Structure formats: C-alpha cells, structure tokens
K.L.:
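The structure that follows is given in the form of structure tokens.
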Amino acid sequence: MSNRIANRFAKCTEEGRPALVTFVTAGDPDLETSQKIIDGLVDAGADVIELGMPFSDPMADGPAIQAAGQRALGAGQDMHKTLGMVKAFRKHDAETPIVLMGYYNPIYIYGVDKFLDDAVAAGVDGLIVVDLPAEEDSELCVPAIAKGINFIRLTTPTTDDKRLAKVLKNTSGFVYYVSMTGITGAALTNRRKVGDAVKRIKSHTDLPVAVGFGIKTADDAAAIGRDADGVVVGTALVRAIETSLEGGKASAYTVAAVHGLVRDLAEGVADARR
Amino acid sequence: MNQANSLRTGPDETGHFGLYGGRFVAETLMPLILDLEAAYNAARHDPAYRAELTSLNTHYTGRPSPLYFAERLTERFGGAKIYFKREELNHTGSHKINNCLGQILLARRMGKTRIIAETGAGQHGVATATVCARFGLPCVVYMGATDVERQAPNVFRMKLLGAEVVPVTAGAGTLKDAMNEALRDWVTNVADTYYLIGTAAGPHPYPAMVRDFQSIIGTELREQFMEAEGRLPDAIVACVGGGSNAIGIFHPFLDDREVAIYGAEAGGYGLDVEDGHCASMSGGRPGVLHGNRTYLLQNADGQILEGHSISAGLDYPGVGPEHSFLKDTGRVTYVPITDNEALEAFQLCTKLEGIIPALESAHGLAQVMKLAPTMEKNQTIVLSLSGRGDKDVNTVAKHLGVTL
C-alpha cells in the first residue's frame with residue numbers, strides 16, 4: 001500500500017496542525033495551465049493533492065466544479081492525460097500524496113485493471129469515487145486495495161453509526177467527511193456539528209478524518225481544522241481559476257490566483273490549533 | 001416455466017439484473033435508497049396499500065385501459081392483426097400515471113412532505129404534478145431548458161397543477177441534465193424529499209419498483225387479449241426511452257417464449273450519425289450513470305453523449321437496466337426507429353385511426369408497420385400506445401414546415 005498519505009498526515013500531526021487538502025479539476029482550464037497549477041501547489045502550502053477526473057455528468061457537484069469539468073473536457077482532457085499529469089508531477093515530488101477524485105464511468109470504460117495498473121505506475125496514492133458506495137465495493141475498492149491504492153470513502157451526515165462500520169470497513173488512507181447533505185460549493189452551515197461528527201467518526205477509526213464541502217476561506221479552514229485532521233478546499237480554488245480567465249481561457253494570473261489562495265488557506269490551517 | 005429458467009425473477013437482492021442495475025449513488029443517498037427499498041417491500045405486501053392503489057387506478061386513472069383493434073391500419077398493411085393497448089386514454093394522457101400513483105402513496109407512507117421529479121417530454125412531470133395536486137404535496141419538476149421550449153403545453157399544465165418547473169440549462173438541456181439536477185436536489189434535501197423517478201431506471205429499487213407499477217399494462221393485456229383472441233399475441237411492441245411502458249407491457253410475457261417482443265429505440269437521424277440518436281442499446285455500450293449500470297451512449301473516455309431524438313421522452317442516452325439484461329439474453333429485440341419513420345407513423349395513425357399518438361409511441365408504431373406486413377393474416381401484434389400526441393403537434397408542425 002502506498003504510504004505517502006499516512007506519512008503526510010503524520011507529518012502534519014507532528015507539526016500540530018491539520019493537513020491542507022486541495023482539489024482542482026485535471027485539465028482546467030487547459031492541460032498546460034493545470035499542470036503548472038498542481039506543480040506549484042505544495043510550495044504554496046498544500047499537503048495533499050486531490051485531482052478531479054472530469055466527467056460529463058457530475059451528479060454530486062455544484063455549478064463551479066461542473067463548469068470546471070466542462071472547461072477541461074472542452075480543452076480535450078481525458079483519463080490518459082490526467083494520469084500523465086500525475087506522472088509529470090512525480091518527476092519532481094516523490095512525497096506528496098495525490099488522490100484522484102471523480103465518478104466511476106470513465107474508470108469503468110478505461111478498464112478497472114488497466115486503470116489501476118496505470119494509476120500505480122503514474123504514482124497515484126488514493127481514489128475517491130463519488131458514486132461507488134460500500135455496497136459496490138467489489139467494482140473498484142477491493143481491486144484497488146489489492147494493488148496498493150488507497151480507497152478513500154465519503155461519509156456524510158446521513159451515515160449513521162450502524163452504517164459507519166460498513167462504510168469504514170474497506171476505507172483506507174483517510175476518511176473524507178462531507179460536512180453537509182448537498183453538493184460541492186454550498187455554504188458551510190454549522191461548524192460545531194461538523195466537529196461533533198468528526199469526533200464520532202474518530203471513535204470508530206484510527207484513520208485521519210478530513211472534512212470537505214463548504215470550506216472557502218482561511219477562517220473556515222482554521223475553524224474546521226481545530227477538530228479535523230485535514231481540511232479539503234475545492235470549489236473556492238476552482239472559482240479562483242474561473243474568475244482569473246479571460247475570454248474563457250487561462251490568463252497570466254490564473255496559476256498565481258490559485259497559488260495565492262492556497263497560501264492564505266495554509267495560513268488558516270497553521271493557525272487552526274494555536 | 002420453471003423458476004430456474006424464468007426471466008422474470010430479477011433483480012437479485014443487491015438490485016442486479018445480471019451485469020446491470022446496482023446502486024451507484026453517493027453515500028449521502030445510500031441510506032435513503034435503503035429506506036425506500038424497505039418501505040416499498042413493506043407496502044407491496046400490505047393489502048391496504050394495494051387496495052388504495054387499485055381504487056385510484058380504477059376511479060382516478062380510468063383503468064383498465066382498453067384493448068383496441070386497429071382495423072384500418074391492419075387493412076392497410078395486409079398482414080397481422082394490429083391491436084393497441086390504449087395507455088394514452090389514461091388520466092393525464094400516458095402510462096406515467098400508473099407509476100406516479102404507486103410512488104405517491106409510498107411517499108405518503110414514508111412521511112415525505114416534498115416531491116421532486118425529472119421530466120423529458122413532460123408526461124412524467126404532468127403525471128407527478130397531478131398526483132401531488134391530488135394529495136396536496138409541493139412538487140418541483142426539473143426539466144431541460146430545450147424540453148421546456150419544445151413541450152410548452154406540458155410546462156403550462158404542470159404550472160396549472162401547482163408544480164414549480166425548474167428549467168435546467170446544463171449540458172444540452174434535456175432529460176439527462178434534468179435527472180442530474182434532480183439528484184442534486186435530493187442529495188441536498190434528504191430529510192423531507194421523495195424523488196419520484198419516472199422511468200424504470202436509476203439505483204435499485206427504482207427499476208424494479210417502477211416496473212412493478214407499470215406491469216399492470218401487460219397484466220391487463222394478457223387477460224384482455226385472451227378474451228379477444230383466445231390466445232396470446234404473436235408479437236408485442238413498445239417504444240423504449242428509459243423503458244417504463246415497455247418493461248410494463250413486456251414483463252408479464254417474458255416467459256411466454258412464443259410471444260415475440262420488440263423495443264423501438266430512438267434512432268434520431270440514424271445510427272451512423274455521431275451523437276445523432278438515442279438508441280443506447282443498438283448504438284451504445286455498458287457503463288454507469290444515474291445509479292445503475294446499463295447500456296449508455298458514450299465516447300471512448302466514458303463521457304456521456306447527449307444524443308438526439310425528435311421525441312423529448314426518448315431523448316436520453318441510457319435505458320433501464322432490465323432492458324439491457326433482456327437485450328443480452330436475446331429475449332427482446334431492440335431496433336432503432338428514425339425521426340422520419342416516427343413522423344410517418346404519427347401521421348398515418350392519425351389519419352387512419354383517428355388517434356394522435358405521442359411521438360414516443362409513434363416509434364413503436366413504426367416498428368409495428370415494419371413487422372405487420374411480414375406476418376400472416378391470422379397472426380396478431382400489440383402496440384403499447386403509451387401516450388397521446390396532443391403535446392407534440394407543435395413539434396410535428398415544425399418538422400412538416402407548417403407554421404401554426
């Protein structure tokens with residue numbers, strides 16, 4: 001099993017802070033710009049990189065990430081290019097975990113075995129596949145673990161204690177707690193409730209628990225990061241890309257806009273437990 | 001027919017019809033569909049629930065729907081005797097009400113207070129808005145912006161019935177996009193909302209549940225046809241988008257191997273036109289979308305295509321999982337029917353029988369028109385006339401170059 005995820009969370013814990021997990025969609029707004037974005041994320045303060053595999057029908061995503069996927073697909077992104085981005089990243093960074101996130105169909109069509117082999121070869125550490133609940137573990141989760149790739153599961157406010165055991169059974173790497181019922185990009189509603197939920201999950205597992213959905217600013221990251229082992233920021237970064245575009249294309253500010261926001265968020269994360 | 005060889009036993013307990021079906025949903029929705037499955041299993045064995053549904057089917061919908069001998073079409077083609085199972089005479093004008101009544105009673109049993117639905121042609125949206133009006137529940141219908149435009153009369157009907165119609169501009173603004181948006185609503189409003197899916201697709205238990213509600217079509221047909229002809233029909237034909245009217249009329253006959261069964265898919269501009277049709281089984285391959293594995297129109301990267309059909313109700317790049325299973329087993333023959341073939345059938349039926357069929361049903365009729373002349377005069381063929389075509393007159397006029 002890839003150890004980069006465990007090592008990175010352990011390092012952050014040692015530093016007395018939560019991990020900053022950043023999400024961008026692979027190929028948004030184009031392959032070259034997207035590669036520059038992920039190549040500079042760690043210097044800007046990201047601890048874990050989530051790379052979205054664009055899909056035509058992202059049922060759990062809000063308008064910002066939907067649009068990011070459309071930009072990427074429109075620019076010609078596909079699964080081969082997404083795996084190529086990971087491979088290129090690995091040439092200069094052997095330590096930072098990369099988690100691919102998306103929906104099952106593009107993986108299914110690529111071929112599960114071939115996808116897992118190519119993902120291992122590229123240096124992928126984990127997978128988050130939104131539309132594969134525990135009930136469908138035999139599709140990808142079990143084969144992924146067998147090949148040494150972590151399968152990170154989403155838990156949500158609708159996952160009760162009884163179900164949590166089933167959900168956690170084949171989860172590895174970390175647990176991704178979705179802070180609300182809803183789609184990506186919605187507003188964070190109740191921070192205390194999120195903290196309680198994280199404690200509840202931690203009573204069932206030794207894995208780190210990262211929280212995502214609704215975290216947009218350094219203050220959000222600091223507040224959520226008091227209880228969580230990691231904070232995930234996606235929509236805010238994708239919006240930073242979107243607002244930097246000129247005529248729908250990358251501008252001179254696109255890469256800097258993302259990295260600037262990541263720097264702010266990293267400060268929030270550093271302050272979380274001070 | 002012994003149970004082991006039956007095609008009518010699916011799905012298995014994990015919601016699979018062979019390779020197809022399943023529960024490919026986000027974790028947030030998983031507890032909800034498990035609850036739904038438990039509630040449906042309890043309801044369908046509850047005599048009170050069944051009695052209420054039967055009573056509504058009779059007095060509200062007007063069931064049983066008639067079996068009609070289409071004498072002039074039969075004469076015209078000079079082959080098999082053509083019958084229509086007249087679902088278009090149901091309240092709201094299509095078979096969709098059969099499913100909506102079953103599900104709204106279930107939603108009430110589950111204590112849900114808000115109903116959401118997706119719609120393509122608007123037939124399911126109208127049926128959902130109707131049952132919501134009848135039971136006093138708020139209703140939100142997601143409808144692709146393209147469909148809102150081409151099915152304007154149905155949009156107004158839904159609004160009159162008190163539903164909120166939300167136009168969806170994502171993608172090509174058709175049924176697929178409406179379904180995505182309905183799922184986003186459901187994942188956000190988990191506590192009070194019931195998602196009333198209109199076709200025999202989606203995560204388990206929807207494909208089986210919708211089929212069960214629609215099987216009343218085939219069950220009635222069996223009895224009516226025995227009375228009319230003293231035997232079973234030689235062939236049954238239905239149009240297939242998601243495939244709810246089709247599975248409803250097919251299912252009771254699946255183990256009667258002497259009955260040939262045909263599903264008419266939307267061939268659009270023709271299967272050779274890239275992204276120019278919605279024949280997911282004739283021109284697609286298995287993939288995972290909207291909670292189930294099934295035949296899908298998609299590119300080499302697994303991105304779902306928008307597809308095209310003149311008929312908004314068939315304009316969907318997937319199909320219910322049980323149809324995918326029946327295609328692979330060879331029990332049902334699925335064939336593409338082009339826009340033009342459907343338009344011809346639409347006009348012929350109107351002129352010869354005085355029945356304006358929905359453009360969806362006209363796809364089935366076009367297949368009947370191909371089959372009937374190849375069959376003997378003493379043979380019989382039944383079309384599921386799933387909906388009436390009043391809603392389509394604007395679309396048809398446009399295609400015939402007529403300005404209304």
Side-chain angles (χ1 to χ4, degrees), chain A residues 53-63 66-67 69-70 72-73 76-82 102-111 115 129-136 138-140 153-160 162-164 166-167 176-178 180-186 213, chain B residues 13-16 19 21-35 37 168-172 176-177 179-193 202-204 284-294 296-306 317-318:
Chain A
M53 301 172 280
F55 182 47
S56 53
D57 293 82
M59 281 89 69
D61 285 303
Q66 288 175 44
Q70 287 305 311
L73 292 173
Q77 191 71 14
D78 62 21
M79 190 65 88
H80 294 274
K81 289 179 183 169
T82 299
Y103 297 81
Y104 184 39
N105 197 55
I107 296 171
Y108 180 69
I109 293 304
Y110 193 97
F115 171 80
V129 183
V130 178
D131 53 353
L132 285 179
E135 279 72 6
E136 302 291 352
S138 60
E139 295 280 339
L140 181 66
R153 187 99 58 198
L154 304 177
T155 66
T156 72
T158 61
T159 314
D160 61 18
K162 189 170 152 235
R163 188 165 167 76
L164 198 52
K166 185 179 177 80
V167 169
Y176 186 137
Y177 179 66
V178 175
M180 66 183 82
T181 61
I183 54 178
T184 54
F213 282 41
Chain B
E13 61 185 29
T14 59
H16 290 88
L19 175 66
R23 291 179 286 208
F24 296 90
V25 297
E27 171 59 22
T28 310
L29 294 181
M30 199 58 224
L32 278 71
I33 64 170
L34 291 172
D35 280 353
E37 186 185 352
V168 178
T169 52
K176 162 175 93 91
D177 312 295
M179 198 151 182
N180 288 334
E181 213 53 40
L183 284 165
R184 290 181 188 119
D185 180 314
W186 201 26
V187 87
T188 306
N189 302 294
V190 293
D192 63 346
T193 298
H204 180 63
R285 59 184 169 135
V288 174
L289 180 72
H290 292 154
N292 54 187
R293 177 164 26 226
T294 192
L296 297 172
L297 299 176
Q298 51 187 322
N299 71 13
D301 189 43
Q303 307 298 333
I304 310 303
L305 303 177
E306 293 288 345

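In what follows, chains are A, B, ... by sequence order, proteins preceding strands, each numbered from 1. All values reported here derive from a predicted model rather than from experimental measurement.
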K.L.:
When you compare the side chains of Thr82(A) and Gln77(A), does any donor N or O come within less than 3.5 Å of an acceptor on the partner?
P.N.:
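The answer is yes; a qualifying pair exists.
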K.L.:
Determine the sole option in Thr155(A), Thr159(A), Thr158(A) for which the side chain to side chain donor-acceptor pair (under 3.5 Å) test with Glu27(B) is passed.
P.N.:
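Exactly one candidate clears the test, Thr159(A).
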K.L.:
Check each atom of Pro58(A) against the heavy atoms of chain B and say whether the ones under 4.5 Å are side chain, backbone, both or neither.
P.N.:
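It is both, since atoms from each part get that close.
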K.L.:
Where on Tyr110(A) is there a heavy atom nearer than 4.5 Å to chain B: the side chain, the backbone, both, or neither?
P.N.:
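No part of it gets close to chain B.
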K.L.:
Would you say Thr181(A)'s side chain and Thr188(B)'s backbone share a donor-acceptor pair under 3.5 angstrom?
P.N.:
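Present.
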K.L.:
Of the listed residues (Gln66(A), Arg153(A), His80(A)), which shares the most heavy-atom pairs with chain B below a 4.5 Å separation?
P.N.:
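The residue among Gln66(A), Arg153(A), His80(A) with the greatest pair count is Gln66(A).
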K.L.:
Heavy-atom cut-off 4.5 Å, strictly under: side chain, backbone, both or neither for Val167(A) against chain B?
P.N.:
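Side chain of Val167(A) only, per the 4.5 Å heavy-atom cut-off to chain B.
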K.L.:
Under 4.5 Å from any heavy atom of chain B, what part of Asp61(A) do you find: side chain, backbone, both or neither?
P.N.:
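Backbone only.
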K.L.:
Identify which of Thr156(A), Asp160(A), Leu154(A) forms the greatest number of heavy-atom pairs closer than 4.5 Å to chain B.
P.N.:
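The residue among Thr156(A), Asp160(A), Leu154(A) with the greatest pair count is Thr156(A).
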K.L.:
Please classify the contact of Gln70(A) with chain B as side chain, backbone, both or neither, using a heavy-atom distance under 4.5 Å.
P.N.:
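No part of Gln70(A) comes within 4.5 Å of chain B.
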K.L.:
Report the option among Ile109(A), Val178(A), Ile183(A), Val130(A) that has the most heavy-atom pairs separated by less than 4.5 Å from atoms of chain B.
P.N.:
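It is Ile109(A).
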K.L.:
Among His16(B), Glu37(B), Arg23(B), exactly one meets side chain to side chain donor-acceptor pair (under 3.5 Å) together with His204(B). Which residue is that?
P.N.:
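With His204(B) as partner, His16(B), Glu37(B), Arg23(B) yield a single side chain to side chain donor-acceptor pair (under 3.5 Å), made by Glu37(B).
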K.L.:
Has the side chain of Asp131(A) got a donor or acceptor atom that lies under 3.5 Å from a matching backbone atom of Ala26(B)?
P.N.:
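Not at all, since once roles are kept as given, no pair shorter than 3.5 Å links the two residues.
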K.L.:
Is it the side chain or the backbone of Ile107(A) that comes within 4.5 Å of chain B heavy atoms, both, or neither?
P.N.:
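When you check distances to chain B, no heavy atom of Ile107(A) falls under 4.5 Å.
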K.L.:
Tell me yes or no: between the side chains of Asn180(B) and His290(B), is some donor less than 3.5 Å from an acceptor?
P.N.:
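The answer is yes; a qualifying pair exists.
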K.L.:
For the pair Trp186(B) (side chain) and Leu29(B) (backbone), establish whether a donor and an acceptor sit closer than 3.5 Å, ignoring hydrogens and angles.
P.N.:
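Between the backbone of Leu29(B) and the side chain of Trp186(B) there is no qualifying donor-acceptor contact (under 3.5 Å).
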